[in-house]
Amino acid sequence: MGFHADINATRYSFPSLKVLLAKASPERSGDHLAGVSADGPVERIAAQHCLADVPLAAFLDDVLEVDGDAVTDLIAAQHDADAFSPVASLTVGEFRDWLLDPGTTGVRIAGVSPGLTPEMAAAVSKIMRAQDLIAVAAKIEVVTRFRSTIGLKGRLSTRNQPNHPTDDSRGIALSALDGLMMGAGDAVIGVNPATDTLPDYIRICEVLEAIRTQLDIPTQHCCLGHVSTAIAAIEAGAPIDLVFQSVAGSQKANDGFGVTLAMLDEAHDAVTQLARAPEGANLMYFETGQGAALSAEAHHGMDQQTMEARAYAVARRYRPLLVNTVVGFIGPEYLADGKQIIRAGLEDHFCGKLLGLPMGVDVCYTNHSYADQEDMDILLTTLAAAGVSFVITVPGADDIMLNYQSLAFHDAQFIRETLGRPPAPEFAAWMQTNGIGTPEITLPTLETALSRLRLPAG
Amino acid sequence: MSDPKPISRAEIGALTQARLSFGGRGRALTTGQALGFALDHAQARAAVLAELDTAQLAETLERVGLTHRVVASAAPSRDDFIRRPDLGRALPDRHAAALAEEAAPDVALVLGDGLSATAVHLNGPAFMSELSKRLSDAGMTVSPIILAHQARVALGDKVALALGAKTVVMALGERPGLSAADSLGVYLTHAPMAEIPDSARNCISNIREAGTSVEAAADQATRLIVAMQRSGQSGVALNQLLARDGALLTGP
């Protein structure tokens, strides 16, 4: 099936939905690298005109066109025809208008969400400006719970990310405590391990468990090792709150991460059986990011933003507590500059929320990108306006293990004060009890807090 | 039980380089912290955007008795190089043809800018000097030092193919962090070919004054190259062989 648009007596033709989606994508370096982007600005807008007239139902076909892809099969299996029925007759353009209509509440959008596929979400996002992506996402409330409640309207949660280049227990604890004293960590205290060995994984979980229990913090922790390591650590009896995994939008890309749906099913069962959370709590944590599939040469000719939305199908299978795109981490060959990173962050957040996920963003960049802290200020502020569930924070915006810049603990404070976005209610109460953010803080200084902490040996 | 003694700031500094705020009660970073961060980022950006100064490198290499050749990848500018890694891995035909005139060496030595020409200027010639001495002592022939503009790791494979070398050493600037823009990374590949997977490479990273010394890196690279030439393997396959038979590294 082909698609075409006539603009000023020139016919622009697109042989497939996959090509049309790619050509309609706002410009980014990764689509140029993949050779799928529009040939210039006019073809891009012609594709957007054409895309706006495509019926949403057309995306129920196999858009990726790869036989037997496990993510495609999952997307088909997830589609809920009853939920889809209120928007089943709309085109992509009419769907955008419906989403923006003041009469369409967040509850109504959440109602159709199980009927929407990632390709539909990606398609409509491509004809939405930044303010559209913000306005619609801001309507949708996705609430998840463990020891704290994340995603309530008007709040902003943070991941406290105390990474350390050698996974040193006290080095991790210092960064975690520094963040806690600034009110960071109500979404999760989560460490990316420098190594992926089982003993280190278990020790990191024990360090985080010691901090959580000894300071009596209503939050959860996570070591972001590979899911297979998490399964082994659960078997070994380690204190594990959340199981983490990076996921992507095709089976081949997930193979590159060494992960299958069967492994994720096994991990989800195992962590559920630990029963560390109240009944019905959300127990998984996923990270994604545009360009992941392309970098694994597993994009199958699809644009990077649609591939990213497909990763959300994997995530939503597990009712996760947290999902975030690591938007600027992958580098300038995928998202070249501040403008592209900002656009991608807003798209990912919008698509995630539209598909029912508790979407957060790692507002970040690398030193070889054409971006700086000011771009991150703008992305953070616009995401806060869009109601982002959580953002990632590290000491002084400098991740000393992964060597990239994320947000500082201070940056979340800026949003709390400027836009009035308190953290999760349970965590806010804990902060109040300890006087955090006031001159009457009762937590000891960092020097004393570390020496009092009883950390596991090793 | 009495309270344990607080840990000192000096001890904390030895444990972590994290930009801790020590329970800073204020909303914003201090002016000093903000401007300090901006300077670190500016230095990293300058290193990323720096062009390889081949004239200066050539002079330094000549002083230690090394000859050189200059090539460039298919990326026409620094900006293209950063956005298009595929171009940084491709060697234009005219450069390949010029290299084919050289006598085929055992080991091709390539010094490329990668993501930090600054790192190459600081540590590149010293590393190549130490390495070529060790390889000559081990009875191997080496190529002139191939200075490569806008170079990614896989450009080294194309250089080695053009030269007819058995093994390639590709040294280039690593992506600058906020605290260091002077790290050199070295990738060693045996029997290189086009589209060779990264799993066929051995890597030595963080070569800089405050990290791995050029002497230690040259020692390690020499041992690995000797093992590659004996076993015909590199990368994961070589590591597996070495795990079974460490004598490949040290034996006669």
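Order of the sequence lines sets the chain letters (A, B, ...), proteins ahead of strands, with each chain counted from 1.
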Problem - Separation of A:Thr445 OG1 from B:Phe22 CZ (nearest 0.5 Å) - result: 9.5 Å
Handout entry: CD (A:Gln214) with more than 12 external heavy atoms under 6.0 Å
Key = yes
Completion exercise
Highest number of heavy-atom pairs under 4.5 Å with chain A among B:Ala47, B:Ser116, B:Ala18, B:Ala180 belongs to B:Ala18
Problem - Options A:Pro162, A:Pro332, A:Pro395, ranked by heavy-atom pairs under 4.5 Å with chain B, top entry - result: A:Pro395
Problem - Atom CD of B:Gln56 with >12 non-hydrogen neighbours under 6.0 angstrom - result: yes
Handout entry: Heavy-atom proximity to chain B below 4.5 Å, by part of A:Tyr370
Key = both
Fill in the blank from the handout: Looking only at A:His164, A:Gln405, A:His32, most heavy-atom pairs under 4.5 Å shared with chain B are made by A:Gln405
Fill in the blank from the handout: Given B:Ser8, B:Pro85, B:Gly177, the one with more heavy-atom pairs under 4.5 angstrom with chain A than any other is B:Pro85
Handout entry: Heavy-atom proximity to chain A below 4.5 Å, by part of B:Asp79
Key = both
Handout entry: Options A:Gly396, A:Ser451, A:Gly171, A:Ser29, ranked by heavy-atom pairs under 4.5 Å with chain B, top entry
Key = A:Ser451
Exercise for the section: Name the option with the most non-hydrogen atom pairs under 4.5 Å to chain B; the candidates are A:Thr448, A:Thr366, A:Asn367, A:Thr166. Expected result: A:Asn367
Problem - Interatomic distance, B:Thr16 atom OG1 to A:Ile400 atom CD1 [nearest 0.5 angstrom] - result: 3.5 Å
Handout entry: Donor-acceptor contact present, side-chain A:Arg170 to main-chain B:Ile12, <3.5 Å
Key = no
Exercise for the section: Would you mind checking which part of A:Ala371 comes under 4.5 Å of any heavy atom in chain B, side chain (CB onward), backbone (N, CA, C, O), both or neither? Expected result: backbone
Problem - Per-residue contact mode, A:Leu174 against chain B (heavy atom under 4.5 angstrom) - result: both
Problem - Portion of A:Asp399 that has a non-hydrogen atom of chain B nearer than 4.5 angstrom - result: neither
Exercise for the section: Inspect the surroundings of CD in A:Glu297 and state if more than 12 heavy atoms from other residues, nucleotides or ligands are less than 6.0 Å away. Expected result: no
Exercise for the section: With a 4.5 angstrom heavy-atom cut-off, could you sort out which part of A:Leu402 is near chain B: side chain, backbone, both or neither? Expected result: backbone
Problem - Pairwise distance OG(B:Ser21) to CG(A:Leu446) - rounded to 0.5 angstrom - result: 8.0 Å
Exercise for the section: Counting only heavy atoms closer than 4.5 Å, note whether B:Leu20 contacts chain A via side chain, backbone, both or neither. Expected result: both
Exercise for the section: Report the distance from atom CD of A:Glu333 to atom CG of B:Leu87, rounding to the nearest 0.5 Å. Expected result: 12.0 Å
Practice task
Mind running salt bridge (Lys or Arg N to Asp or Glu O under 4.0 Å) on A:Glu447 and B:Arg9 for me, showing each step along the way?
Solution key: CA-CA 7 Å; A:Glu447 295 88 331; B:Arg9 287 277 172 112; 2.6 Å; yes
Problem - Nearest heavy atoms of A:Asp178 and B:Arg19, plus distance in Å - result: OD2-O, 4.4 Å
Exercise for the section: Under 4.5 Å heavy-atom distance to chain A, tell me which part of B:Arg83 shows up: side chain, backbone, both or neither. Expected result: both
Handout entry: Contact class of A:Ala397 relative to chain B, heavy atoms under 4.5 angstrom
Key = both
Handout entry: Pair B:Phe81 + A:His368: ring centers closer than 6.0 Å
Key = no
Exercise for the section: Could you look at A:Asp168 and say if it's the side chain, the backbone, both or neither that has a heavy atom under 4.5 Å from chain B? Expected result: side chain
Exercise for the section: Give a yes or no on whether the backbone of A:Leu33 and the side-chain of B:Arg84 come within a donor-acceptor separation of less than 3.5 Å. Expected result: no
Practice task
Could you look at A:Ser369 and say if it's the side chain, the backbone, both or neither that has a heavy atom under 4.5 Å from chain B?
Solution key: backbone
